[in-house]
Amino acid sequence: GKPQQSITSFFKKK
Amino acid sequence: ARLPRSAVLKKILDSVKDLVKETNWDCNEEGMSMQALDTGRIVLVEVMLREAAFESYACEVPMTLGIDMEPFGKVLRCAGGDEKVTIKASRNDQDHIELVFENEEKERMSAFELKLMDIDGEHMAVPDAEWGAEISMPSSEFKKIVMDLAEIGSDLTIAVSKLGVTFTAQGNNCKGSMVLQPSTAVDKKSEQVAISFTEPLEMTFAAPYMKMITKAAALSSTVTLSLDEACPICVRYEMEDNAGHIKYYLAPKED
């Protein structure tokens, strides 16, 4: 399968 | 905070406990909310229980309640689904909360204490997105599609085009796809499939995670999937009567 991306690659910490 | 039925809390717990073991609940005058990442940082889950969800609600000072889901689940299992739940948090003693369950006839009342945790929570900023595609459908139908296709393969591809929305899974020995087209003949809004998009798009997500996300079907008869190229999908369940919502952001799989 394709590699899994992480949420933190899209959303930054507040 | 008093909820007319404990079932709402039970369903919320069921909808998040596979992903999140402990989380901070932020309480303020608008209601109770939480946001948490799963340990793998693949799913961000947000829950909002608005004041409207409660029979009575008062929060004089904003408070953060660090809740461990496992003992919380044990306590909630002691409540009948149709029993009222009162959650009490004291600003003078922030070491624990009290939960009181009462049945309708008040023949039985049970009280529990739940120790609070000091959780080093991190809040993620979710940018306002212009979604490339939005699909709304019955949550039970979405759940069935995901559960079925997750048996076929671990990658679940969602494609939106003028053909409709296509869910595809490919395993070692088999491949399957299901196509949904916008429904026109169904009267009830909760049974309708609605699809809107600007450009056709296709994205792949981990089926086991998508399966966990369908647990929230118990909270709402409809679900909205919002997709945009190279962004996490947003899977949103709105509760009835403006009571609140649960949203999941699942990061895509990509080459």
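By number of non-hydrogen pairs under 4.5 angstrom with chain A, the leading residue of A125(B), G153(B), G40(B) is A125(B).
For CG of D95(B), the number of neighbouring non-hydrogen atoms (other residues, nucleotides, ligands) closer than 6.0 Å is greater than 12. Other residues, nucleotides and ligands contribute at most 12 non-hydrogen atoms within 6.0 Å of the CD atom of E29(B). More than 12 heavy atoms of other residues, nucleotides or ligands sit less than 6.0 Å from atom CD of Q4(A). Remark: K175(B) NZ is loosely packed, at most 12 non-hydrogen atoms of other residues, nucleotides or ligands lying under 6.0 Å away.
For the residue pair S6(A) and A251(B), the shortest heavy atom distance occurs at C-CB, 3.8 Å. Contact record, Q5(A) with E254(B): NE2-CB, 3.9 Å, taken as the closest heavy-atom pair.
Applying a 4.5 Å heavy-atom cutoff, the residues of residues 225-232 of chain B that approach chain A are A230(B), C231(B), P232(B).
With a 4.5 angstrom heavy-atom cutoff, T204(B) touches chain A only via side-chain atoms. Of the two parts of I42(B), the backbone and the side chain both hold a non-hydrogen atom closer than 4.5 Å to a non-hydrogen atom of chain A.
Remark: of the listed residues V126(B), L44(B), L250(B), L44(B) is the sole one forming a side chain to side chain contact (heavy atoms under 4.5 Å, CB included) with I7(A).
The NZ atom of K253(B) lies 9.5 Å from the NZ atom of K2(A); values are rounded to the nearest 0.5 Å.
K13(A) has its side chain within reach of M124(B): a pair of non-hydrogen atoms, C-beta onward, lies under 4.5 Å apart.
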